[in-house]
Amino acid sequence: MRLEILVTMTIFFGGSLLTGYGVRRLLRFRQEEGMLFSVVSGVMAWWALMEAVLVPMTMKHAAFQTFSRVYSGLVLLSAAFGLCCYREILRDVRKFFGEARQYLTLGHLAALALMLWQLYFLHHHMYLEWDDTYYVNLANEAVRSNQIYWVYPETGSFGDFDKRYVLSLWPVFYAWLSGFTGVVPTIMAHTILPWVMIPLAYMVYELIGRQLFEEDRQLQGMFLALAVMMHLFMSGEHTAGLTFLSITPWVGKGVLATVLIPMLFYGVLRAVKSETCQEWILLGITCLAGCLLSSMGIMLTPVFVGVAVFLTAVQKKSVKCLLGGIGACAPCLVLGVYYIYLTH
């Protein structure tokens with residue numbers, strides 16, 4: 001299983017890194033963004049792309065293998081485009097190793113130790129969520145029956161899809177990942193996916209720390225260590241947002257709470273600060289990615305971004321900021337209207 005974990009991590013982080021560099025070039029971000037920003041923006045692009053491809057193919061009852069081929073081809077194209085940015089990649093690699101000592105603050109070392117403990121604990125003490133009978137089985141049925149959402153996951157019977165979840169089929173993502181390793185989606189979710197989602201979540205927190213404390217590496221390390229400690233020791237119930245990362249990082253609403261919403265916070269901080277077009281586009285990509293994770297993402301994402309941007313626009317008296325926020329929320333608003341159409 002260690003080999004499968006390494007293969008999945010390599011595909012996920014390596015591929016998203018390349019895609020992120022492609023996104024940076026397309027949107028013309030400044031050159032000093034770094035590798036961490038590329039990985040996280042690449043992941044958001046992957047999830048947004050999956051949502052854009054998966055929804056129409058689900059509505060047309062396309063086969064899972066057909067979807068996998070189409071989506072894999074698009075991901076490979078995005079990664080190949082990222083390879084064209086090899087000069088930026090080499091420059092960032094040299095910069096990372098050249099400035100490695102800056103990252104060895106006491107806070108960062110403490111955060112790293114706590115992360116390893118969290119991964120060790122989850123790897124040896126698995127928690128099984130009752131929602132797995134629906135969501136994980138949805139991924140299993142996609143692989144077994146070659147149907148994206150035509151087989152009802154709790155009974156195995158053929159029928160129309162459940163309209164409450166049809167726009168946010170997160171389990172299809174790890175069903176797609178399972179095809180690269182040959183493991184069943186259940187093992188991918190419970191054993192392998194935590195090794196992807198936990199590091200990804202803390203990458204986002206590291207980016208937030210850099211945005212909040214731009215000139216102080218010590219404070220950035222302390223912020224990251226505090227974020228890890230909160231997820232480890234301040235979770236009271238199994239359904240609390242802080243708990244998701246420690247016990248169920250494969251659940252869509254858990255990824256929404258621990259990865260996507262912090263990423264929205266980071267994106268809003270960047271967008272309202274610079275108010276440039278590329279920042280609003282990246283925020284819009286992140287909003288669309290949130291729609292893949294959970295049906296709540298279709299509603300919570302525009303609420304979170306809309307309130308934050310509206311208050312900032314009022315404070316700054318900026319119409320441009322308000323219009324940028326509306327544009328970023330547009331994918332969620334379109335899917336929200338479509339959701340109402342499906343369920344009424």
Quiz item: Do you know which two heavy atoms are closest between Gly20 and Ser41, and how far apart they sit?
Solution: CA-OG, 3.7 Å
Self-check item: Pairwise distance CG(Leu264) to CG(Leu269) - rounded to 0.5 angstrom
Solution: 11.0 Å
Exercise. Output the distance between atom CG (Leu193) and atom CG (Leu177), rounded to the nearest 0.5 Å.
Key: 7.0 Å
Exercise. Answer yes if Tyr174 and Leu3 sit in the same cluster of Ile, Leu, Val, Met, Phe, Trp and Tyr residues linked by side chain heavy atoms under 4.5 Å apart, and no otherwise.
Key: yes
Quiz item: If only atom types and distance count, is the side chain of Ser78 paired as donor or acceptor with the main-chain N or O of Val75 below 3.5 Å?
Solution: yes
Quiz prompt | hydrophobic_cluster_shared for Phe81 and Val70, side chain cutoff 4.5 Å | solution = no
Quiz item: Side chain of Ser178, backbone of Ala175: donor and acceptor closer than 3.5 Å?
Solution: yes
Quiz item: Quick one: ring-ring contact (aromatic ring centres under 6.0 Å, His included) partners of Phe180, sequence neighbours excluded?
Solution: Trp176
Quiz item: What orientation do Phe67 and Tyr71 show, parallel under 30°, tilted 30 to 60°, or perpendicular over 60°?
Solution: parallel
Practice problem: Check whether Met299 and Leu292 end up in the same hydrophobic cluster, where Ile, Leu, Val, Met, Phe, Trp and Tyr are linked by side-chain heavy atoms less than 4.5 Å apart. | Solution: yes
Practice problem: Would you please name every residue forming a salt bridge (charged side-chain N to carboxylate O under 4.0 Å, His left out) with Glu215, sequence neighbours left out? | Solution: none
Quiz item: Please walk me through it: do Val166 and Tyr149 pass side-chain contact (heavy atoms from CB on, under 4.5 Å)?
Solution: CA-CA 8 Å; Val166 70; Tyr149 202 38; 3.9 Å; yes
Quiz item: Among all residues two or more places apart in sequence or in another chain, which pass the salt bridge (charged side-chain N to carboxylate O under 4.0 Å, His left out) test with Arg25?
Solution: Glu88
Exercise. Measure across Pro331 and Gly284 and return the closest heavy-atom pair with its distance rounded to 0.1 Å.
Key: CG-O, 4.1 Å
Quiz item: Quick one: CZ on Phe310 to CG on Leu322, what's the gap to the nearest 0.5 Å?
Solution: 7.0 Å
Quiz item: For Ser145, which residues count as a side-chain hydrogen bond (donor to acceptor under 3.5 Å, both in side chains) partner, sequence neighbours excluded?
Solution: none
Quiz item: What is the distance from atom CD1 of Ile192 to atom CD of Glu4, rounded to the nearest 0.5 Å?
Solution: 6.0 Å
Exercise. Please report the closest heavy-atom contact between Trp46 and Gly15, naming both atoms and the distance.
Key: CZ2-C, 3.4 Å
Quiz item: Looking only at heavy atoms, which two atoms of Ala257 and Ile261 are closest? And how far apart?
Solution: O-CB, 4.2 Å
Quiz item: Is the centre of the His231 ring less than 6.0 Å from the centre of the Tyr205 ring?
Solution: yes
Self-check item: Qualifying salt bridge (charged side-chain N to carboxylate O under 4.0 Å, His left out) pairs, either residue in residues 268-292, two or more places apart
Solution: Glu33-Arg270, Glu214-Lys273, Arg270-Glu279, Glu275-Lys316
Quiz prompt | Whether over 12 other heavy atoms sit under 6.0 Å from Met115 CE | solution = yes
Self-check item: Rounded distance (nearest 0.5 Å) linking atom CD1 of Ile198 with atom CG of Leu245
Solution: 5.0 Å
Quiz item: Side chains of Ser38 and Asp92: donor-acceptor distance under 3.5 Å anywhere?
Solution: no
Quiz item: Does Gly254 offer a backbone N or O that forms a donor-acceptor pair with the side chain of Thr258 under 3.5 Å?
Solution: yes
Exercise. Give the intermediate values and the outcome of side-chain contact (heavy atoms from CB on, under 4.5 Å) for residues Cys84 and Tyr21.
Key: CA-CA 9 Å; Cys84 298; Tyr21 276 99; over 6 Å; no
Quiz item: So if you build clusters from Ile, Leu, Val, Met, Phe, Trp, Tyr with side-chain heavy-atom gaps below 4.5 Å, do Val251 and Phe121 land together?
Solution: yes
Self-check item: Minimum side-chain heavy-atom gap Leu335-Leu288 below 4.5 Å
Solution: yes
Quiz item: Is a side-chain N or O of Asn140 found less than 3.5 angstrom from the main chain of Val184, in a donor-acceptor match?
Solution: no
Quiz prompt | Aromatic ring proximity, centroids under 6.0 angstrom, Trp170 and Trp47 | solution = yes
Quiz item: Can you name the residues that form a ring-ring contact (aromatic ring centres under 6.0 Å, His included) with Tyr135, not counting sequence neighbours?
Solution: Tyr165
Practice problem: Ignoring hydrogens and angles, tell me if any N or O in the side chain of Thr286 forms a donor-acceptor pair with the backbone of Leu282 under 3.5 Å. | Solution: yes
Practice problem: Could you list the residues that satisfy side chain to side chain contact (heavy atoms under 4.5 Å, CB included) with Leu226, not counting sequence neighbours? | Solution: Met230
Self-check item: side chain to side chain contact (heavy atoms under 4.5 Å, CB included) partners of Met296, counting only residues at least two apart
Solution: Lys253, Leu256, Ser294, Leu300
Quiz item: For Trp280, which residues count as a side-chain hydrogen bond (donor to acceptor under 3.5 Å, both in side chains) partner, sequence neighbours excluded?
Solution: none
Quiz prompt | pair Thr105-His108: side-chain heavy atoms closer than 4.5 Å | solution = yes
Quiz item: Got a second to check how far Gln315's CD is from Cys321's SG, nearest 0.5 Å?
Solution: 9.5 Å
Quiz item: Phe64: what forms a ring-ring contact (aromatic ring centres under 6.0 Å, His included) with it, not counting sequence neighbours?
Solution: none
Quiz prompt | 4.5 Å side-chain heavy-atom contact, Asp216 and Gln220 | solution = no
Self-check item: Leu106, CG atom: more than 12 neighbouring heavy atoms under 6.0 Å
Solution: no
Quiz item: Can you tell if the side chain of Leu119 reaches within under 4.5 Å of the side chain of Trp195, non-hydrogen atoms only?
Solution: yes
Quiz item: Are side-chain heavy atoms of Ile208 and Val204 found at a separation under 4.5 Å?
Solution: yes
Practice problem: Could I get the full list of salt bridge (charged side-chain N to carboxylate O under 4.0 Å, His left out) partners for Glu141, not counting sequence neighbours? | Solution: Arg144
Quiz item: Going hydrophobic residue to hydrophobic residue with side-chain gaps under 4.5 angstrom, can you get from Met9 over to Val93?
Solution: yes
Quiz item: Does some side-chain heavy atom of Ile5 sit less than 4.5 Å from a side-chain heavy atom of Val196?
Solution: no
Quiz item: salt bridge (charged side-chain N to carboxylate O under 4.0 Å, His left out) with Glu206: which residues, sequence neighbours excluded?
Solution: Arg210, Arg217
Quiz item: Below 4.5 Å, heavy atoms only, C-beta onward: do Thr301 and Leu260 meet side chain to side chain?
Solution: yes
Quiz item: Any side-chain heavy atom of Val268 sitting closer than 4.5 Å to one from Met263?
Solution: no
Quiz prompt | Heavy-atom closest pair, residues Pro249 and Val255 | solution = O-CG2, 3.4 Å
Quiz item: Hey, mind stepping through Trp250 and Met197 against side-chain contact (heavy atoms from CB on, under 4.5 Å) and telling me if it holds?
Solution: CA-CA 8 Å; Trp250 58 85; Met197 290 302 141; over 6 Å; no
Quiz prompt | Contact summary for Leu293 and Ser168, nearest pair of heavy atoms | solution = C-CB, 4.4 Å
Quiz item: Does the pair Phe13 and Met203 meet the rule for a side-chain contact (heavy atoms from CB on, under 4.5 Å), with working shown?
Solution: CA-CA 11 Å; Phe13 289 116; Met203 287 180 187; 3.7 Å; yes
Quiz item: Considering residues, nucleotides and ligands other than Met229, do more than 12 of their heavy atoms fall under 6.0 Å from its CE?
Solution: no
